[in-house]
*Asks:* 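If you scroll down you'll find the structure; I have some questions about it.
Along the sequence shown, the residues carry numbers beginning at 1. Computation of the quantities below employed the complete heavy-atom set of this structure, encompassing side-chain atoms and omitting hydrogens, waters and symmetry-equivalent molecules.
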Amino acid sequence: MDVDILEFLVPVENNKTLFVWDIQPGHAEARIYGELHHAFSSFGPLYLVKVRPNAPLGPAGFYALIKFYSASHASEAQQQMDGRSLFQDAPLKVRLSSKQTPHFLSDRQPLSHARCLELANHCLGFNGWTSDIITLKELPNDEEEEEEGGVTRKLKVGCLLQLSFPRHGRTTRGAAVVEESFTFTWEKVMVEVRPTSNELSPDEAATHVQVNELPYDEGEADGELWDLTLS
C-alpha cells in the first residue's frame, strides 16, 4: 500500500504546483475559481487556487495556479484534468510547474494555525483527533529596551502540547516556544466619585465610579502620592 506523507508546511515545490491555461473569456473570475476548486479538490486538499487574467499583449482569457499539499495528488490531477473542458467548450491545458523557485522562497515555512486545522480536519475528520495543552509557562527573559514613549519588552512562552488520535490509539507530544515583543507606557489614572442625592453603600458606590485615563507625565509624578481611597 502506498503511503502519502503530508507535511504541515507551505508547499513551494514544482511537483505540487499546477498551471492551468487556455481558460476562455466570458466567465467571471469568481465562477472560474469555484469550478477549478471543485474539480481539483476532488484529488486532494488544496493550499491555493489563484485565477488571473492573461497579459494584455496575449489572447483574452485567464490562467490559474493551483497548489496541492501532496505531490502525488498534483500528479494525478494533472494526468486526469489535462485536455478536459470542464466548464467551457475548449479543452484546458494542465501542466506541472517547471518554474525555478527563487532562493529566498526555497526555505519551507510552517502553515498558519488555521491552515493546520483545515488540513488536519480534512485528513482525520473533525472527530478524528484532539489536542490538549499539557504545560504552558512563561520563560525567563530579561531583555528590555527603552524607546521614546515607552519600554519594549519581550514575552517568551513555552508550551507542551499533546495530540491524540483515538481511532488509531496513538498520542504524540510536541514543544514550542513563542516570543512576542510589546511596548507599554506609564499612565496616570484619576478616579472621580460623583455624589448622588441618596446615600449609597460601598458596593453600590462602585457602580458610580468614573475612571478617566490621562497621559503620564514623569515630572508631575516626582514626590507625589496618589490617594485613591473612596470616601
*Asks:* Mind checking what makes side-chain contact (heavy atoms from CB on, under 4.5 Å) contact with Ala114, not counting sequence neighbours?
*Replies:* Ser112
*Asks:* Just how far is it from atom CG of Leu46 to atom NE2 of His38, taken to the nearest 0.5 Å?
*Replies:* 12.0 Å
*Asks:* Going by salt bridge (Lys or Arg N to Asp or Glu O under 4.0 Å), name the residues that satisfy it together with Lys16, two or more places apart in sequence or in a different chain.
*Replies:* Glu13
*Asks:* So do Cys123 and Leu6 actually touch side chain to side chain, heavy atoms under 4.5 Å?
*Replies:* yes
*Asks:* How many angstroms lie between atom OH of Tyr63 and atom CG of Leu92, to the nearest 0.5 angstrom?
*Replies:* 15.5 Å
*Asks:* Could you note down all residue pairs passing salt bridge (Lys or Arg N to Asp or Glu O under 4.0 Å) where residues 38-65 supplies at least one of them, sequence neighbours left out?
*Replies:* none
*Asks:* Got a sec, which hydrophobics cluster with Leu139, joining ILVMFWY side chains under 4.5 Å apart, including via others?
*Replies:* Val177
*Asks:* Side chains of residues 159-172: which donor-acceptor pairs under 3.5 Å do they make with residues two or more places apart or in other chains?
*Replies:*
unit_1: Gln162; atom_1: OE1; unit_2: Arg173; atom_2: NE; d: 2.9
unit_1: Gln162; atom_1: OE1; unit_2: Arg173; atom_2: NH2; d: 3.3
unit_1: Arg167; atom_1: NH1; unit_2: Leu124; atom_2: O; d: 3.4

*Asks:* Tell me, please, which residues at least two apart from Glu180 pass side-chain contact (heavy atoms from CB on, under 4.5 Å).
*Replies:* none
*Asks:* Where is the tightest heavy-atom contact between Ala60 and Pro25, given as atom of each residue plus distance?
*Replies:* O-CD, 3.5 Å
*Asks:* Report yes if the side chains of Ile133 and Thr135 come closer than 4.5 Å at any heavy-atom pair, otherwise no.
*Replies:* no
*Asks:* Consider only side-chain heavy atoms of I, L, V, M, F, W and Y, link residues closer than 4.5 Å, and tell whether Leu96 and Val94 are in one cluster.
*Replies:* yes
*Asks:* Taking side chain as C-beta onward, heavy atoms only, is Phe62 less than 4.5 Å from Gln24?
*Replies:* no
*Asks:* Taking the side chain as every heavy atom from C-beta outward, state whether Leu111 and Leu9 have any pair of such atoms under 4.5 Å apart.
*Replies:* no
*Asks:* Does Pro91 have any side-chain contact (heavy atoms from CB on, under 4.5 Å) partners at least two apart in sequence or in another chain, and if so, which?
*Replies:* none
*Asks:* Is the shortest side-chain heavy-atom distance between Val20 and Ile66 below 4.5 Å?
*Replies:* yes
*Asks:* Does anything in residues 81-94 pair up under side chain to side chain donor-acceptor pair (under 3.5 Å), and if so which pairs, sequence neighbours excluded?
*Replies:* Asp82-Arg95
*Asks:* Side-chain donor-acceptor pair under 3.5 Å between Glu76 and Ser72, yes or no?
*Replies:* no
*Asks:* Is Leu136 atom CG crowded by more than 12 heavy atoms from other residues, nucleotides or ligands, each under 6.0 Å away?
*Replies:* yes
*Asks:* For atom CD1 of Ile134, is the number of surrounding heavy atoms from other residues, nucleotides or ligands below 6.0 Å larger than 12?
*Replies:* yes
*Asks:* Got a sec, which residues hit salt bridge (Lys or Arg N to Asp or Glu O under 4.0 Å) with Glu7, two or more places apart in sequence or on another chain?
*Replies:* Arg108
*Asks:* Of all residues at least two apart in sequence or in a different chain, which pass the side-chain hydrogen bond (donor to acceptor under 3.5 Å, both in side chains) check with Asn54?
*Replies:* none
*Asks:* Would you compute the distance between atom SG of Cys116 and atom CZ of Phe8 and round it to the nearest 0.5 angstrom?
*Replies:* 6.0 Å
*Asks:* Can you run down the ring pair (Phe, Tyr, Trp, His ring centres under 6.0 Å) pairs that involve residues 64-87, sequence neighbours left out, and say none if there aren't any?
*Replies:* His27-Phe87, Tyr47-Tyr69
*Asks:* Drop me the distance from Phe40's CZ to Lys67's NZ, to the nearest 0.5 angstrom.
*Replies:* 14.5 Å
*Asks:* Can you list everything that forms a ring pair (Phe, Tyr, Trp, His ring centres under 6.0 Å) with His37? Sequence neighbours excluded, please.
*Replies:* Tyr33
*Asks:* Rounded to the nearest 0.5 Å, how far apart are CG of Leu86 and CG of Leu36?
*Replies:* 7.0 Å
*Asks:* If Ile, Leu, Val, Met, Phe, Trp and Tyr residues are connected whenever their side-chain heavy atoms lie under 4.5 Å apart, and connections chain through other members, are Val10 and Leu48 in the same group?
*Replies:* yes
